[in-house]
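Taking it in order: structure first as structure tokens, then the write-up.
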Amino acid sequence: MGSYCCFSLLFSATIVVFLAYPILADGKKQTTGPAVTVTKHLFFSDFRLDDPKIVHEVKLLGSARFSDEKGAIQIPDKSQLDLRHQAGRAIYAYPIRMLDPLTGTPASFETTFSFQFSNSSAESHVDSTGGYNNSGGSGLAFIVVPDEFTVGRPGPWLAMLNDACEDNYKAVAVEFDTRHNPEFGDPNDNHVGINLGSIISTTTVNASDVGVYLKDGLTHQAKIVYNGSRSWMEVSLGSKPIFSGSLDLSPFLNEYMFVGFSASTGNMTQIHNVYSWNFTSTSQASLRAPSAETCESKIMEQYDQGIQSSASHSSKKEPPNSLLIFICVMALAIAVFASLFYNGRRRNNQTKAVILPDKRQRPRPPNKPRRFTISEVSSATRGFHENEILGNDSKGIYYRGKLPNGCQVAIKRFSAQFLSSQIGLDRRRLLKEISTISRVRHPNLVPIRGWCQDNRETMVVYDFYPNGSLDKWLFGAGVLPWTRRLKVVKDVADALSFLHSKQLAHKNMKTTSVFLDVSFRAVLGDFGFVLSSTESQRFEATVSQKADVFEFGIFVLEVVSGRGRLESELRQEERDLLDFAWRMHEIDEKARLVDRRMGSMVNLEQAIRVSEIGLLCTLNENKGRPCMEEAVEFLNLDGPIPELPPNRPVALFPYSSNNTGLCTGYSCTLFK
Ligand SMILES: *[C@@H]1O[C@H](CO)[C@@H](O)[C@H](O)[C@H]1NC(C)=O
Ligand SMILES: *[C@@H]1O[C@H](CO)[C@@H](O)[C@H](O)[C@H]1NC(C)=O
Ligand SMILES: *[C@@H]1O[C@H](CO)[C@@H](O)[C@H](O)[C@H]1NC(C)=O
Ligand SMILES: *[C@@H]1O[C@H](CO)[C@@H](O)[C@H](O)[C@H]1NC(C)=O
Ligand SMILES: *[C@@H]1O[C@H](CO)[C@@H](O)[C@H](O)[C@H]1NC(C)=O
Ligand SMILES: *[C@@H]1O[C@H](CO)[C@@H](O)[C@H](O)[C@H]1NC(C)=O
């Protein structure tokens, strides 16, 4: 156990350094020590859960499970009712060094794994009453990806990529594809492809040519060997070599990457099983000499130098950003052109056209918000089935739903209690509030697709985020690195500041209202839609905005400390997070607030500064609470922030009525 802890600490340290690098300042002179070889070896003879290392070391994302009876990773998770359009990943939980940034040389690696695709009808306890075709899913891919959080899109995307081009999502994959998607340049429904940052394979090989039928239900063994210094890759299936050629992976690699498998289903399904897996990598590095300075600043400084010198050493390390953006823009342009062309005249199948998959897999285009009928919403959630419940709170229940066009949505069904607590039960005002908010768009706000209201129900239909809400990531088993947390805080601050600039307020600011998109950007949803007694909308907005800032302050403390605002299992004096944070401020021990699980590699100074900004936001609104715009400035600039009072104010309220003589239904009922 002890050694496991050290191991994870070491790795979380590397993750933090790795994730921290874009925000580090300029480095100084270059010092490199003697060369060392960094190797990593993984070996899983099966994936049975009686080996505790499996759960610690293999992280499942999306629709994936461990099958104890088969001792395999299975994608999709066959316990789901509908196996169509599923995407899942199984990733080795710790980053692996895949590139020497000093020289731009990729690591050499070798991996073997055995896999089998089986008919989902034979596997599934649910028979194919859905009437769907269960004799062919989309396929499996061995992936090298930049993070352990993202799941790609289902269908022909093999859960390998998503369309977050703007976030520069690099990925390298070797796919074992069992669907023929001519729009992606597939030769047939039985091929192996090599994908470099794109769903369109750089190279494809017809597996039938070597007598292998991926879908034949037999167990196949694949071997991938890459020589980084030679830029040479070899792939074999069974004992037969199927590809060998020159391939430069370096533009698609970060220094640390995650390796594993992804698979998906489309409108046809199958179960992708991975039975065993070997992986070994070797890379060159320069020993970084220790010094008298603190370990933390030293490592960061040297990291900078590494980045700087790699920039000067090898100019070919520069282009990936602009190159990827260029590829994306070109792909998009071609796609638009091709789909126009296709719709115009549906012939000429010679064209190697690149079209995006059908609409149902595009999570993006936010259609104009509209009214949904009760029966639409009911059939989307399978009659509000309990298996579709994503979460609930005092205001209602959150359901997952699927529209007839295949789009996944999240539906908030307000409880009768909440609705009746609304002033005067004025449904028209509530609806107006919903439609007003649904008109605002911001990259960090969850788009509203529509609403549904009759004389008993009020529901709001949002876009669905498969990565789930922040609380799961923050309070779950894994540890969010500091740089991710900082980004989440900034994203949410941007969203709130934007809402406030439109004279609107969120009114439900908490960790469960923050969702993570496929590229791990934070988006704020689950709006409160609380009505107040006051008729003056402007006044109501001002009050609610101030309450938002207060709640944001507590949210920031939750993110920094990795714990909820009220935790009953903690000691009495630590239970209430806000109270605890102020007390730590009083005795100048704010470091104790910072989530210990992040290890020693958190940027402590930054974390303390952010928690101070959080505390500022909880000051009473006439005693120094900033507005959201100011909070955004504090977060983005390194300048000084206003000083906190030395002692905890006697009482803290989201909105106190004493300066106006007025009391809104909102702040009085919720926070007294
Ligand atoms: C993994 O590697 C070991 C030793 O190199 C070998 O004996 C074993 O067969 C390999 N397993 C797989 C699944 O490739
Ligand atoms: C499923 O699809 C395959 C390939 O398109 C086809 O050969 C097979 O007949 C289909 N089966 C059913 C039950 O529709
Ligand atoms: C793949 O190989 C098989 C067997 O050699 C052949 O029949 C088939 O036409 C090939 N498919 C393509 C698209 O080349
Ligand atoms: C899967 O089902 C298809 C038709 O439904 C059949 O042709 C194929 O042999 C089956 N494969 C396995 C591995 O059972
Ligand atoms: C890669 O290729 C080079 C040159 O052919 C060779 O010297 C080296 O040993 C190879 N490395 C690995 C890990 O196979
Ligand atoms: C699956 O989708 C494709 C393209 O959208 C369509 O051509 C095909 O007929 C569908 N297959 C089944 C079995 O529904």
Side-chain angles (χ1 to χ4, degrees), residues 34-43 96-113 117 135-136 138-140 142 144 156 158 172 174-195 199-218 220 222-253 255-257 259 266 268 277-286 314 316 348-355:
V36 290
T37 302
V38 181
T39 60
K40 178 80 195 165
H41 181 65
L42 318 178
F43 174 47
I96 291 179
R97 195 166 185 274
M98 293 301 283
L99 182 77
D100 180 6
L102 212 61
T103 59
T105 311
S108 295
F109 64 88
E110 179 172 338
T111 185
T112 51
F113 52 93
F117 301 155
S135 59
S138 300
L140 174 82
F142 170 74
V144 182
L158 301 183
V172 172
V174 177
E175 61 173 33
F176 299 83
D177 194 334
T178 55
R179 278 310 294 274
H180 185 197
N181 297 102
E183 66 273 26
F184 290 153
D186 290 354
N188 62 359
D189 63 354
N190 185 42
H191 65 273
V192 178
I194 296 169
N195 297 53
I199 193 61
I200 296 155
S201 305
T202 315
T203 311
T204 57
V205 183
N206 181 351
S208 316
D209 278 347
V210 292
V212 173
Y213 297 91
L214 297 170
K215 277 192 289 192
D216 58 9
L218 302 177
H220 299 282
K223 180 170 182 180
I224 302 163
V225 182
Y226 186 68
N227 182 325
S229 52
R230 231 181 117 202
S231 293
W232 190 265
M233 185 180 272
E234 286 172 12
V235 181
S236 47
L237 253 180
S239 55
K240 298 173 190 108
I242 57 170
F243 172 80
S244 129
S246 176
L247 213 58
D248 183 10
L249 302 187
S250 62
F252 307 96
L253 299 174
E255 178 170 11
Y256 287 93
M257 300 287 283
V259 297
M268 284 163 63
W277 181 28
N278 274 359
F279 177 92
T280 306
S281 72
T282 318
S283 64
Q284 295 303 313
S286 302
S314 66
K316 69 171 179 195
N348 193 0
N349 49 7
Q350 229 108 320
T351 339
K352 252 208 164 179
V354 183
I355 54 170

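Counting starts at 1 for both ligands and their atoms, following the listed order.
- Distances between N or O atoms of N227 and those of ligand 5 include at least one value under 3.5 Å.
- Residues passing the side chain to side chain donor-acceptor pair (under 3.5 Å) test with T203, sequence neighbours excluded: none.
- Partners of T111 according to the side chain to side chain donor-acceptor pair (under 3.5 Å) rule, which considers only residues two or more places apart in sequence or in another chain, are W277.
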So what's ligand 3 close to, N/O to N/O, under 3.5 Å?
residue  : atom   : partner : partner atom : Å
ligand 3 : 2 (O)  : N206    : OD1          : 3.3
ligand 3 : 2 (O)  : N206    : ND2          : 2.3
ligand 3 : 2 (O)  : D209    : OD1          : 2.9
ligand 3 : 5 (O)  : D209    : OD1          : 2.8
ligand 3 : 11 (N) : N206    : ND2          : 2.8
ligand 3 : 14 (O) : N206    : ND2          : 3.3

Could you go through N206 and T204, starting from their C-alpha distance and side-chain angles, then the distance that decides it, and tell me whether this counts as side-chain hydrogen bond (donor to acceptor under 3.5 Å, both in side chains)? CA-CA 7 Å; N206 181 351; T204 57; over 6 Å; no
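- In this structure, E110 has no side chain to side chain donor-acceptor pair (under 3.5 Å) partners at least two apart in sequence or on a different chain.
- For the residue pair N190 and S208, a side-chain donor N or O sits within less than 3.5 Å of a side-chain acceptor on the partner.
- L214 has its side chain within reach of L237: a pair of non-hydrogen atoms, C-beta onward, lies under 4.5 Å apart.
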